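Report on the structure given below.
Source: prediction; values computed, not measured. Below, chains carry the letters A, B, ... as their sequence lines are ordered, and counting in each starts from 1.
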Amino acid sequence: MSQPDLRERAERCYDKIAALVSGPVSLMEVCGTHTMAISRFGIRARVPETLRLLSGPGCPVCVTPASQIDHLMAMAREPGVIVTTFGDMLRVPGSKSSLEQERTRGSDIRVVYSPHDAMEIARAAPDRIVVFMGVGFETTSPTIAATMIKALAAGIGNFCVYPAFKVVPPAMDALVASGETRIDGFICPGHVSTIIGSAAYEPIARDRKVPCVVTGFEALDVLEGVILLLEQRAAGKAEVQVQYRRAVSPEGNRTALDILSRTFTPCDAAWRGIGVIPGTGLEPREEFLSMDARRRVQVEMPKDAVDLPAGCGCGEVMRGLKVPTECAMFGTACTPSRPIGPCMVSTEGACAAWYRYGRG
Amino acid sequence: MCLAVPGQVMQLDGTSARVKFHGVERVVQMDLVPEVKLGDWVLVHAGYAIQCMDEEEARETLALLAQIEGEMEEQSRAEAKP
């Protein structure tokens, strides 16, 4: 497909969107890659003013509570411990410091591309304890579960995981149930849905009457997803549709889901800036308890964690109550080079995306 | 964080494979896609294949990714101009 073809298709999408929007409509995405895509492609500037594109809690590192980051840093200070993490987590502030700052103070903190690499570090250093920071939604958690199964089978007893996972659909449901924000449709995360399948959103569409469309990450994908949501609304429907057919089926990846449920069981989880949402966390099943970093490295979770500094609007931004520019600190006290809240630190955070690309 | 990129399986050895992305080969784990065969296209996230794709679907995604890269290059060249 040539570029002019793509541009022409995008123009047709914008025309269609303009024709479908007649009053206030709020659509929410819950995926950091969508946050970036909408801003990068300048989609907000091209759609009618009354169509609000909100960023929900779609960035896994942004929603990791400060208390868990503080706990991980305390583990990293223990002799013999190596902390491994995806790079996204490095600069995210805990209460007083970040993993990056702890590293400059001498803790052994290493960035890995894959949990498999963290397991290999453990295999090569049998006299050390290797903690992997288990952040991520359902796209990522099965890769970590598969690594734990392999580590157990290979007898790599010095590999463990700090479980800070989040499960997406019940969090979407809780946002709707809270009634705090008007949500007329969900742009559902693409690769989370590759794993869980589009059928996972059926209860939200059926019981909450909120249309759901699983959408890909390119400009045309997002525009087509928005059109499908607006068409459902115009027809008075609330269904689950898949725009991102290249990678998503109704049933998802059964092998990945089996591996996930063999390894973890649901638990309640705290979301930074939002609070505890029942059933949105994952903790290791009994067979894997020896790989729970919280048992393996006996360090107490530091008390008095500060999730968000005073005046930080990340909580309201992630609940869809504010857009980043409505936070008093946005772009003045809080910038990507001197970030205050987690949404400005992570490149996939809503504030960082708005700062970099404008309102999009 | 949930970014995933398509690549083609060039070599398969148990649950480990060599996958080619843009001409560069990397080792990728296949535990989540036991049905994978040599030559298949897979979607890769955090060092694991999370889904098999057919070639046409993978090429469509790659074409769109290339378009974004092109636009970003264009943008950074424009920004670099005095």
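Using a 4.5 Å cut-off between heavy atoms, A:Thr147 contacts chain B through both its backbone and its side chain. For A:Arg245, the part lying under 4.5 angstrom from a heavy atom of chain B is the backbone only. Using a 4.5 Å cut-off between heavy atoms, A:Val192 contacts chain B through its side chain alone, with no backbone atom that close. Contact annotation for A:Thr140: both backbone and side-chain heavy atoms come within less than 4.5 Å of a heavy atom of chain B. For chain A, the nearby part of B:Leu43 is the side chain; its heavy atoms alone come within less than 4.5 Å. With a 4.5 angstrom heavy-atom cutoff, A:Pro60 touches chain B only via side-chain atoms. Looking at B:Val42, neither its backbone nor its side chain comes within 4.5 Å of chain A, counting heavy atoms on both sides.
Ring-centre distance between A:Phe137 and A:His191: not below the 6.0 Å cut-off.
Under a 3.5 Å cut-off, the side chain of B:Asp54 and the backbone N or O of B:Glu57 do form a donor-acceptor pair.
Options A:Ser249, A:Gly32, A:Ala247 differ in how many heavy-atom pairs under 4.5 Å they form with chain B, and the most are formed by A:Ala247. For the set A:Gly252, A:Ser346, A:Ala146, the count of heavy-atom pairs under 4.5 angstrom toward chain B peaks at A:Ala146. Interface remark: of the candidates B:Gln51, B:Met53, B:His45, B:Glu56, B:His45 forms the most heavy-atom pairs closer than 4.5 Å to chain A.
Here the rule is side-chain hydrogen bond (donor to acceptor under 3.5 Å, both in side chains) with A:Ser55, and of A:Glu348, A:His34, A:Glu29 only A:Glu29 fits it.
A salt bridge is defined here as a Lys NZ or Arg NE, NH1 or NH2 lying under 4.0 Å from an Asp or Glu carboxylate O, and B:Lys20 with B:Glu25 fails to meet this definition. Of the charged side-chain nitrogens involved, none lies within less than 4.0 Å of a carboxylate oxygen, so that A:Glu218 and A:Arg40 do not count as a salt-bridged pair. Between A:Asp221 and A:Arg246 there is a salt bridge, since a side-chain N of the basic residue sits under 4.0 Å from a carboxylate O of the acidic one.
Relative to the six-membered ring of A:Tyr113, B:Arg26 meets both conditions, a distance below 6.0 Å and an angle of at most 45° to the axis.
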